[in-house]
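As structure tokens, the structure follows; a few thoughts come after it.
For ligands, and for the atoms within them, numbers begin at 1 and follow the listed sequence. The structure displayed is predicted, hence computed values, not measured ones. Sequence positions, counted from 1, serve as the residue numbers for this chain.
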Amino acid sequence: MLTIYQRSKIGAKSFEAPFITVPKYALDDKYLGKEETILPSVSEIDIVRHYTKLSQNAFGVDNGFYPLGSCTMKYNPKLNEITASLDGFTSVHPLQEEKSVQGCLCLMYELSQQLKAITGMNFSLQPAAGAHGELAGLMIMKAYHESRNDFKRTKIIIPNSAHGTNPASAALAGMEIINIPSLDDGSVDIIALKNACGDDTAGFMLTNPNTLGLFEEKIMEINKIVHKCGGLMYYDGANLNAIMGIARPLDMGFDIMHINLHKTFSTPHGGGGPGSGPVGCADFLQQFLPSPIVIKENDNYIFHKPSKSIGKVKNFYGNFLVMVKAYTYILTLGAEGIVGAAQKAVLNANYLKEKLREIYYTKGSCMHEFVLSMQKVKEDTKVTALDIAKAMIDKNIHPPTMYFPAIVQEALMFEPTETESKTTLDNAAKVIIDIVKKAYVSADELHSAPKKAYITRPDETLAARNPKLRIDLAKG
Ligand SMILES: Cc1ncc(COP(=O)(O)O)c(C=O)c1O
């Protein structure tokens, strides 16, 4: 596809700047650019076609099934966008006086209360993403231990099934990471956990359901082990979609958590933001929350700095419009709808998993996602999980998450979410089964898939490490 500059034609235009009626002002030379600004000359219809085409080249939940495991790519109702673009929310300034933005503060307060009802915890809405929430949560953990003059608790235990952001956030928070192995189903190896716990343990980070989509059945035993040695339990809320409204992390014994509003509570994500990762904690830790939080005094909503707050982790109050979307979503579904969404997410994952029995049999049921290993297909045919995932693109299905969790060889991780219909799931199952069967008859075709995508097989390491984001116009 051509760039907008390559479409440029001398003389083409779509807009005539109005005649200037104010006197010209001579800007100081230091503010003037030295080079001529090159802007494309393109007619209005060509601009519209260019950007419409460009938007169609991007795959999103709105144009196809997107079973990207661990990412909860559910449909984002358009109503959320409508409320988030209301003037009353978009025209406010973050430095306005509290009394002039009572509506916005009320929304933040009520959202925190809704999240408390779902999880049992007290929230600060400041962090801008899941990983940012993790960092804030670990800073709370550290501040708590230090407030008790317990400076030796510097180690955080993390299972090897964890998302990469867990150890990354812990390292950023200045903690030492103790990695423990997991059992084959991704659940916690209790003996390894016991051996790792000691008087230098700051805490334990866990995702539940775990990254293999299974509920951690020994969660109460785990929380006793960690608490007995004086550590705190951190809940990575990325998989909250499976249990929201059904089980509360606080009741499982967790002390601190984050929520990915942009996943569980439906905001478009995947393109780098904006996201929102509220950080929550049990009552005994709430004075450490990032500031400000919104509290209600009489009938007024005010910003408040908790007494031992770790301070600000984001400018102003966090990504407010993502909060508006989450709030809209929660109100739209209501308490029953939230439970229904979690149940359907689990049902859909189990349905798809069962449909794939023909190519892959796994015992037992899963929660909201499941992981298949393509190791046998690879050994038999040399077709890899990557080849299979890429071939799905040609069938207008976004690839599942690949090679995560790292403890499963040739992993493909599917999370269909609650918003997909039976027809979509049936079609996806057929597509996946057909691709795996094809591996046994024409493997070569799969090594070069996808054929229909605009970008087929980039060198992904090179693209990540040395991104080339500009076209050299001189070369064309
Ligand atoms: C299990 C898990 N934890 C943490 C994160 C980090 O969330 P974010 O991408 O919002 O930083 C993710 C993201 O996909 C995740 O799947």
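- Formation of a donor-acceptor pair under 3.5 Å by the Thr328 side chain with backbone atoms of Asn80 is not found in this model.
- Note on ligand 1: His269 sits outside its first shell, no heavy atom being nearer than 4.0 Å.
- Residues Lys325 and Asn76 have side chains that never bring a donor and an acceptor to within less than 3.5 angstrom of each other.
- Residue contacts with ligand 1 for His132 are absent, since no atom lies close enough (heavy atoms, distance under 4.0 Å).
- Geometrically, ligand 1 and Ala129 share no nitrogen or oxygen pair separated by less than 3.5 Å.
- Residue Asn166 has no nitrogen or oxygen atom sitting less than 3.5 Å from a nitrogen or oxygen atom of ligand 1, judged on distance alone.
- Using a 4.0 Å threshold on non-hydrogen atoms, atom 9 (O) of ligand 1 does not count as touching the protein.
- Scanning the protein for heavy atoms near atom 3 (N) of ligand 1, the closest one is Asp236 OD2, 2.6 Å.
- Considering both main-chain and side-chain atoms, Ala238 never comes within under 3.5 Å of ligand 1 through any nitrogen or oxygen pair.
- Across every non-hydrogen atom of Asn319 and Ala128, the tightest pair is ND2-CB, 3.8 Å.
- Looking only at distances, no side-chain donor or acceptor of Thr207 sits under 3.5 Å from a matching main-chain atom of Asn210.
- Separation of the His163 and Phe404 ring centroids falls under the 6.0 Å cut-off.
- At a 3.5 angstrom cut-off on N or O pairs, Asn260 counts as close to ligand 1.
- Taking the ring centroids of Phe89 and Phe320, they lie under the 6.0 Å cut-off.
- Within the 4.0 Å heavy-atom cutoff, His262 counts among the residues contacting ligand 1.
- A ring-centre distance under 6.0 Å is found for Phe303 and Tyr317.
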